[in-house]
Amino acid sequence: MQDSAAAIRIVKGACPHDCPDTCALKITVENGRAIKVQGAAEHASTHGALCTKVSRYPERTYHPERILRPLKRVSGKSEAPRFEPVSWDEALDDIAARLKTIAARNPEAILPYSYAGTMGLIQGEGMAARFFNKLGASQLERTICASAGAEGLNRTYGHRLGMHLRFFAEAKLILIWGSNSIASNLHFWTYANQAKRAGAKLICIDPRKTETADKCHQHIALLPGTDGALALGLMHELIQNGWLDPAYIDEHVDGWDELRERALQWPPERVAEVCGITADEVRGLARDYGTTSPAAIRLNYGMQRVRGGGNAVRLVALLPCLTGAWRTRAGGMLLSASGWAAPFKNIAALEKPELLAGRNPRTINMSTIGDELLRESSAEFGPQVEALIVYNSNPVAVAPESPKVVKGFQREDLFTVVLEHFMTDTADLADYVLPATTQLEHLDVHTSYGHTSVLINEPAVAPVGEARPNTEFFRELARRMGFDEPCFAETDEQLARQAFTSAIDFEALREQGWQDLPLPEAPFADGGFRTTNGKAQAAGADFVPNYESRASSPELAARYPLAMISPPARNFLNSSFVNVKSLRDIEGEPLLEMHESDAAARGIADGSMVRAFNQRGSYLCKASISARARPGVVNGLGVWWRKLGAGGSNVNEVTHQGLTDMGRAPSFYDCLVEVAPA
Ligand SMILES: Nc1nc2c(c(=O)[nH]1)N[C@H]1C(S)=C(S)[C@@H](COP(=O)(O)OP(=O)(O)OC[C@H]3O[C@@H](n4cnc5c(=O)[nH]c(N)nc54)[C@H](O)[C@@H]3O)O[C@H]1N2
Ligand SMILES: Nc1nc2c(c(=O)[nH]1)N[C@H]1C(S)=C(S)[C@@H](COP(=O)(O)OP(=O)(O)OC[C@H]3O[C@@H](n4cnc5c(=O)[nH]c(N)nc54)[C@H](O)[C@@H]3O)O[C@H]1N2
Ligand SMILES: [Mo]
C-alpha cells in the first residue's frame with residue numbers, strides 16, 4: 001500500500017496549447033514517469049474530458065525523437081541538415097559571443113521569433129522579454145493568429161470580451177461562425193450540444209462542411225472572406241423587418257446611422273451574389289437571428305484570416321448590439337475572452353519594459369518573416385536581420401509564403417538558434433538547436449482566451465535528457481551577456497508569483513489548480529462597453545473584399561480559379577503533433593478536399609496525387625473528393641511539417657504575405673490556386 005502510494009502521484013497541470021479551451025489537467029506520475037494525462041473533472045469547462053491530441057501527451061513527451069542534447073550545425077544551410085551534440089556550456093558561450101558581436105554593431109539586427117507553442121506566461125514571454133528588452137533587440141509583432149479579430153473587437157467593444165462559455169447552453173439559437181468547434185474548441189461544443197438537446201437551433205457558417213456543420217441543423221457554405229457582406233445583409237433584414245432593439249441601440253451604440261445607411265445597400269440578392277449562397281439563406285438566417293431569443297454567436301478566428309477579417313469581426317460583433325441580444329446572459333457573442341483576464345495579469349512585472357531604458361527598437365511583423373529575412377539593411381528598414389532566436393514556434397511550417405521563408409532561413413549569414421522539443425522544419429535550418437522542456441517538465445501559469453479561469457501547471461516529471469525550460473536558456477544567456485540585474489536570476493516560481501495581481505491568491509491557485517475570475521454574468525446587459533464613452537462603436541465598419549477573388553482580381557482568378565482555405569486538421573494543433581505517429585496515422589496524408597464538379601472538370605480522381613499551385617509555389621497532396629468542399633473552394637488541411645508531407649512542402653507554399661485590414665495579420669484563407677493531377 002505504502003509503496004504504491006509513494007510511487008504514484010497526481011500533479012495539477014494546464015494544457016499549454018494555443019486553443020481556447022486551456023484545459024485543467026490531472027497528470028498521473030508513476031516512479032517519476034508521467035503515465036496518464038486526463039482532464040480535471042471539477043474544472044467547469046474541462047469537465048474531465050480531453051481532446052485526442054492532448055490525451056496523447058505522454059507519447060509526445062517520451063517520443064523517441066525528442067531532442068535530448070544541444071546540437072550544433074555542421075552542414076551548410078542548403079544541404080541535408082547535419083548536427084553534432086555539444087554541451088550546454090559550449091553552446092551558450094558561443095551563442096553569447098555571436099550575439100555580443102552583432103549587438104556591438106546594432107542590437108536591432110537580433111530578432112526573437114516566438115508564438116504560442118506554449119501559451120504559458122512564464123515559458124512564453126516573461127524571461128525572454130526581459131532579455132530582449134535589455135539587449136535592445138528588434139521587437140516582434142505577434143500577429144500570426146488572431147490580431148485582426150482582436151483589433152476588430154477592440155475597435156468595437158473597446159476590449160476582447162464576450163459571453164461566458166457556459167451560458168451558451170441556455171441559448172435558443174447558436175450561430176457557429178468560422179469555427180470548427182468539434183475539432184478546435186471541443187469544450188465549447190459540449191455547451192452547444194446541451195443547448196441543442198434542450199431544443200436550440202444550431203447554424204454553422206463556414207465554407208467547409210466541417211464535422212461541426214454535420215452536427216448543426218443548418219450549414220451556410222459561403223465563399224471565404226465574404227462574412228462581412230453576410231453580416232451587412234443580416235442587418236438589412238433586421239432593419240426591414242423591425243427586428244432591432246431601438247432602445248439598446250439608442251443607449252449603447254455609437255455610429256448606427258452611418259452603419260444603417262450602409263446596411264441598406266445590402267439586400268439579400270446582392271449578399272447572395274457576393275457570398276455564393278442563395279437570397280433565401282440570407283433571409284432565413286436573418287429571420288432566425290432576428291426572432292429568436294436568446295441568440296448567441298460563437299465566432300472563431302477562421303473567418304478573420306482574410307484581407308477584410310478585422311471588419312468582418314466588427315460587423316458580426318455589432319449584430320447582438322442591434323438586436324439587444326446582450327440583454328441576457330445567454331445572448332451576445334464570443335470570439336475571445338482574453339480581455340477578462342487582462343486586468344488580473346501583471347505583464348509589466350514579468351517583462352520589465354523599463355529594461356529598454358528609453359530605447360525604442362523597431363518592430364518586425366512575424367507574419368511577413370519571409371520578406372523580412374530577405375531584406376538588406378536600409379535607412380527605412382534599419383539593419384538586416386543577422387540573428388534569430390526562435391522558441392515556441394515553427395515558422396518555416398506555419399508562416400505564409402514558405403518559399404520566401406525557407407530562402408530567408410537558408411541564408412548562410414543568418415545566425416539562428418531554435419529552442420525545440422523536436423527537429424521541426426525550422427530546427428532543420430538552425431545553427432544551434434537546444435532541447436526544451438515540455439509542459440510536463442516545467443512550471444507555468446495560464447490564462448485562457450475561451451473560458452475565464454486562470455490555471456497553474458506544476459512540473460510533473462524531471463526534464464527529459466538535457467532539456468531545459470525556455471526561462472533557463474534566457475537566464476543563462478543573460479549571465480553570459482553580462483546582464484547583472486537581479487531580475488535575470490529569478491526562478492520560475494518567483495516569476496509565477498508575480499504573474500497575477502493580488503486578486504489571485506497564489507497559494508489557493510496551487511491548492512485547486514485553477515481560480516475562476518470574479519466576473520459579471522451578462523457583461524453588456526446595460527451597455528458598459530470598454531470604449532471611451534461606454535458605447536459599442538459602429539462607425540466605419542464595412543465589407544472589405546479579399547485580395548484574391550473572382551471579383552477583386554479577375555486576371556488572377558482566370559489563371560487560378562479556385563479559392564483555397566487551409567483550416568487545421570483535427571488531430572494536429574497547427575504544426576504540433578504532426579510527428580506523433582498515432583495522430584499522423586489518423587490524418588493519413590496531406591489532403592486537399594475538392595467538390596466533385598471541380599475535380600471532374602480537371603480529370604482528378606479521388607485519392608490521386610495532385611498539385612495545388614499558383615504564382616508563388618506548388619504543393620503536392622492527395623485529392624479527397626468530398627462534400628466537405630463546396631464548388632469553387634478547395635480545403636487544404638493544415639499544417640503539416642514540410643518534410644513529412646508528400647513533396648517536402650506544405651500548404652503555406654501557396655499562401656501569401658498580404659496583411660489584413662486591421663491588426664497586420666496574415667490572410668491565410670484569402671488565396672487563389674489551380675489544381676492539376678500530379
Ligand atoms: N484540433 C485543433 N484545434 C485547434 C487548432 C488546431 O490546429 N487543431 N488551432 C488552435 C488555434 S491556433 C486557434 S487560433 C483556435 C481557433 O482556430 P481556428 O483556426 O479558428 O479554428 P477552427 O475552429 O478550425 O476555425 C476555422 C474554421 O473557419 C472556416 N473558415 C475558413 N475561412 C472562412 C471564412 O472566410 N469564413 C468563415 N465563416 N469560415 C471560414 C474553416 O473552414 C474552419 O472550419 O483553435 C485552436 N484549436
Ligand atoms: N496555412 C495556414 N497556416 C497557419 C494556420 C492556418 O490555419 N493555415 N494557422 C495559423 C495559426 S492560427 C497559428 S496560431 C500559427 C501557429 O504557429 P506556431 O505558434 O508556430 O505553432 P505550432 O506550429 O504549434 O508550433 C509550436 C512549436 O513550439 C514548440 N513548443 C511547444 N512548447 C514549447 C516550449 O515549452 N518550449 C519551446 N522552446 N518550444 C515549445 C512545439 O514543439 C512546436 O514545434 O500557425 C498559423 N499558420
Ligand atoms: Mo492560432
Side-chain angles (χ1 to χ4, degrees), residues 16-21 51-53 60 113-120 123-124 142 144-146 149 176-186 204-213 220-227 230 298-306 308-309 312 316 366-367 390-395 397-400 418-422 424-427 434-439 441-442 444 449-450 467 469-470 473 546 563-579 628 633 635-639 641 650-652 654-655 666 668-671:
H17 287 297
D18 187 351
C19 169
D21 296 14
C51 65
T52 318
K53 303 177 294 296
R60 189 175 185 277
Y113 196 99
S114 69
Y115 200 64
T118 169
M119 299 210 58
Q123 305 306 335
R142 293 186 172 80
I144 202 154
C145 169
I176 300 183
W177 199 323
S179 169
N180 182 6
S181 316
I182 292 181
S184 65
N185 187 193
L186 188 62
C204 179
I205 304 171
D206 194 312
R208 177 170 184 248
K209 187 169 184 297
T210 59
E211 305 86 313
T212 309
I220 298 180
L222 79 184
L223 288 167
T226 63
D227 303 83
L230 180 58
R298 177 57 169 132
L299 198 60
N300 213 336
Y301 289 105
M303 55 85 84
Q304 46 103 66
R305 295 192 183 110
V306 293
V316 176
M366 70 187 305
S367 299
V390 183
Y391 50 103
N392 304 338
S393 186
N394 184 10
V398 303
V418 175
L419 316 186
E420 252 302 347
H421 303 147
F422 296 108
T424 58
D425 294 321
T426 306
L434 301 174
T437 46
T438 70
Q439 189 77 344
E441 300 152 65
H442 56 227
D444 220 323
Y449 62 96
N470 295 338
F473 165 78
N546 277 1
M564 187 195 77
I565 57 171
S566 46
R570 179 172 183 174
N571 291 287
F572 302 151
L573 200 130
N574 302 317
S575 78
S576 296
F577 297 98
V578 179
N579 62 325
R628 296 217 178 279
V633 180
N635 312 323
L637 301 185
V639 180
W641 285 17
N650 73 14
V651 75
N652 280 320
V654 292
T655 55
F668 290 114
Y669 302 169
D670 175 343
C671 175

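Whatever order the structure lists them in is the order used to number ligands and atoms, beginning at 1.
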With side chain to side chain donor-acceptor pair (under 3.5 Å) as the test, would you mind laying out the steps for Y669 and N546 before giving the verdict? CA-CA 9 Å; Y669 302 169; N546 277 1; over 6 Å; no

Taking distance alone, with N or O pairs closer than 3.5 Å, would you say [X] contacts ligand 1?
X    : result
R570 : yes
L222 : no
M303 : no

About how many Å separate CG of N470 and OG of S114, when rounded to the nearest 0.5 Å?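 One gets 9.0 Å once the value is rounded to the nearest 0.5 Å.
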
Is there a donor-acceptor pair under 3.5 Å between the side chain of Y391 and the backbone N or O of V418? no

Only heavy atoms of [X], strictly under 4.0 Å: list the atoms of ligand 1 that pass.
X    : value
W177 : 38 (N)
R208 : 42 (O)
K53  : 1 (N), 2 (C)
G225 : 34 (C), 35 (O)
A183 : 1 (N), 2 (C), 3 (N)
T210 : 44 (O)

Distance-minimising heavy-atom pair for [X] and [Y]:
X    : Y    : answer
S575 : A397 : CB-CB, 4.2 Å
N394 : T426 : OD1-OG1, 2.5 Å
S181 : S179 : OG-OG, 3.1 Å
N635 : R628 : ND2-O, 3.2 Å

R142 NZ/CZ over Y115 ring centroid, <6.0 Å and within 45° of normal: no

Near ligand 2, which protein residues have a heavy atom under 4.0 Å away? D18, R60, Y115, A116, G117, T118, I144, C145, R305, N392, S393, N394, V398, L419, E420, H421, T424, A436, T437, H442, N470, S566, L573, N574, S575, S576, V639, V651, N652, F668, Y669

Using the side chain to side chain donor-acceptor pair (under 3.5 Å) rule, take T118 and N392 through it: C-alpha gap first, then chi angles, then the decisive distance, then the call. CA-CA 6 Å; T118 169; N392 304 338; 5.8 Å; no

Does ligand 1 have an atom under 4.0 Å from some heavy atom of N185? no

Who pairs with K53 by side-chain hydrogen bond (donor to acceptor under 3.5 Å, both in side chains), at least two apart in sequence or on another chain? none

For ligand 1, does D227 get within less than 4.0 Å through its side chain, its backbone, both, or neither, judged by non-hydrogen atoms? side chain

Is any side-chain heavy atom of T210 closer than 4.5 Å to one of I182? no

